[in-house]
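Count residues from 1 along the sequence. Both ligands and their constituent atoms are indexed starting at 1 by order of listing.
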Amino acid sequence: MVISLNKDKKVRHIIKSQQFEVGFLQSLFHRVAQIKKQFENGAGRVILRQRLSNKLLINLFYEASTRTRLSFAAAAYHLGMNVMGTENAREFSSAIKGETLEDSIKVLCHYCPDAIVIRHHEEGSVAKAAEISNVSIINAGDGKGQHPTQALLDLYTVWERLKTLNNLKILVGGDLAYGRTVRSLVYLLSKFQGTEFIFCAPEVLRMQPDIKDHLDEHSIPYVEVFENISKVIPLADVVYWTRIQKERIEANLDLDQITKEFTIDMNTMALMKPFSILMHPLPRVHEITTDVDSDIRAAYFEQAGNGMYVRMALLEWILT
Ligand code: CP
């Protein structure tokens with residue numbers, strides 16, 4: 001039986017991680033697991049292809065993307081949807097002539113899509129688009145704000161690998177000042193019992209006060225570490241590593257040196273718990289060496305693969 005997630009048939013938007021409750025996440029993840037299983041055979045795929053047939057998805061990406069844009073397109077395809085859109089919309093859309101995102105959304109709504117996926121360079125822009133849209137808007141990353149569908153696929157991967165989301169010690173490392181995936185993930189994980197965080201970043205790229213305020217308000221323990229990752233790696237059940245976001249950082253920082261100090265290699269892996277997992281939203285640049293990929297605890301490519309199934313379940317949720 002298909003798990004029905006959208007019982008009240010409202011226009012649904014996906015804007016930020018805080019909007020999801022634990023009960024919803026549990027239902028969502030069971031549906032994702034069901035879709036993955038169904039996908040294993042040809043007959044299951046044929047049935048999925050009929051779920052959202054004749055519906056239209058628009059992908060509107062003002063910033064670069066490989067995974068998010070193409071996994072949404074693949075998710076929509078496997079559910080029978082049609083997909084159109086633009087990449088590099090800053091240059092290839094009328095944004096270059098000065099059109100605002102709000103005006104573009106008002107126009108696109110007249111073309112009767114069922115959902116619009118937006119990645120934009122300004123924090124808060126996707127929420128503003130949702131306010132004036134009469135179709136579902138999905139935040140695929142807004143500046144250094146949030147990336148909620150990434151956080152959902154991250155959390156699904158933890159659940160699939162570790163079989164629980166409670167009582168986990170999560171080491172989040174790399175660029176915590178500009179990494180929107182970690183911001184969304186912390187909001188989601190902080191909903192589960194017994195979560196503890198270790199934030200490990202160069203001091204200039206430390207976790208922002210709004211996230212720490214949120215954790216304080218909900219009495220969720222965290223520590224901050226600005227150097228020596230080898231001391232904290234052995235403590236973690238989940239190590240979530242991130243890229244230094246060069247494109248968002250002032251040019252005068254020595255980013256190569258920072259990256260060197262915050263690199264995970266086989267020596268670091270030797271310190272990790274045997275049943276822990278190493279995650280990364282990707283793209284990876286140099287912060288995890290490629291020899292780590294064959295370690296059983298390296299979950300990042302599997303994590304990226306889960307993105308398509310999680311996005312299929314999300315499209316079903318908002319559109320059926
Ligand atoms: N993880 C992620 O958002 O990847 P892309 O930038 O390639 O979409």
Side-chain angles (χ1 to χ4, degrees), residues 14-17 20 32 57-78 83 85-93 115-123 125-126 137-158 160-161 170 172-189 205 238-249 259 264 277-288 290 292-293 298-315:
I14 298 175
I15 304 299
K16 58 183 183 178
S17 285
F20 299 109
V32 176
L57 181 74
I58 293 183
N59 263 337
L60 189 57
F61 276 62
Y62 291 80
E63 279 191 334
S65 169
T66 298
R67 275 147 292 275
T68 313
R69 186 170 64 84
L70 295 176
S71 67
F72 261 116
Y77 169 82
H78 289 302
V83 183
T86 175
E87 56 185 302
N88 194 3
R90 272 168 112 166
E91 209 177 315
F92 297 146
S93 79
I116 305 175
V117 181
I118 305 172
R119 174 169 287 186
H120 198 271
H121 42 282
E122 283 168 20
E123 186 173 352
S125 55
V126 183
I137 297 288
I138 301 174
N139 182 0
D142 60 330
K144 62 180 175 62
Q146 284 217 25
H147 193 351
T149 66
Q150 175 71 44
L152 290 167
L153 75 91
D154 294 340
L155 202 62
Y156 176 80
T157 305
V158 175
E160 191 179 58
R161 276 270 188 141
I170 322 284
V172 186
D175 179 351
L176 306 186
Y178 297 96
R180 58 195 171 200
T181 66
V182 292
R183 295 169 56 76
S184 288
L185 185 62
V186 170
Y187 279 123
L188 272 192
L189 277 164
L205 299 177
V238 176
V239 176
Y240 190 96
W241 219 242
T242 60
R243 176 179 70 88
I244 307 290
Q245 308 248 326
K246 286 185 178 178
E247 68 277 24
R248 303 189 201 281
I249 296 174
T259 306
I264 293 188
I277 54 172
L278 174 62
M279 302 178 71
H280 192 301
L282 305 179
R284 168 254 312 266
V285 188
H286 303 296
E287 64 281 356
I288 299 177
T290 52
V292 171
D293 298 356
Y300 31 89
F301 288 112
E302 184 182 310
Q303 178 187 349
N306 281 336
M308 182 183 82
Y309 301 108
V310 169
R311 288 171 175 133
M312 286 172 80
L314 288 170
L315 288 171

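Interface atoms of ligand 1 facing T66, defined by a heavy-atom separation under 4.0 Å, are 5 (P), 7 (O), 8 (O). If you number the atoms of ligand 1 from 1 as listed, the ones under 4.0 Å from a heavy atom of Q150 come out as 1 (N), 2 (C), 3 (O).
For atom 4 (O) of ligand 1, the closest non-hydrogen atom on the protein side is R67 NE, 3.0 Å.
Relative to atom 2 (C) of ligand 1, the option among L282, L70, T149 with the closest non-hydrogen atom is L282.
Counting non-hydrogen atoms of neighbouring residues, nucleotides and ligands closer than 6.0 angstrom, the NE2 atom of H121 exceeds 12 such neighbours.
Identified under the salt bridge (Lys or Arg N to Asp or Glu O under 4.0 Å) test for residues 59-74, with sequence neighbours left out: E63-R180, E63-R248, R69-E87.
Within the 4.0 Å heavy-atom cutoff, R119 counts among the residues contacting ligand 1.
In terms of polar-atom proximity, H147 is counted as a contact of ligand 1, with an N or O under 3.5 Å from an N or O of the ligand. Annotation: P281 places an N or O atom under 3.5 Å from an N or O atom of ligand 1; distance criterion only.
Taking 4.0 Å as the cut-off between side-chain N and carboxylate O, K144 and E123 count as a salt-bridged pair.
Tested against Y178 for a side chain to side chain contact (heavy atoms under 4.5 Å, CB included), the candidates T242, I244, L205 yield a single pass: L205.
Neither the backbone nor the side chain of T181 has any atom closer than 4.0 Å to an atom of ligand 1 (non-hydrogen atoms only).
Every residue was checked against the side chain to side chain contact (heavy atoms under 4.5 Å, CB included) condition with A64, not counting sequence neighbours, and none meets it.
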Residue pair Y77, V83: steps toward the side-chain contact (heavy atoms from CB on, under 4.5 Å) verdict = CA-CA 7 Å; Y77 169 82; V83 183; 5.5 Å; no
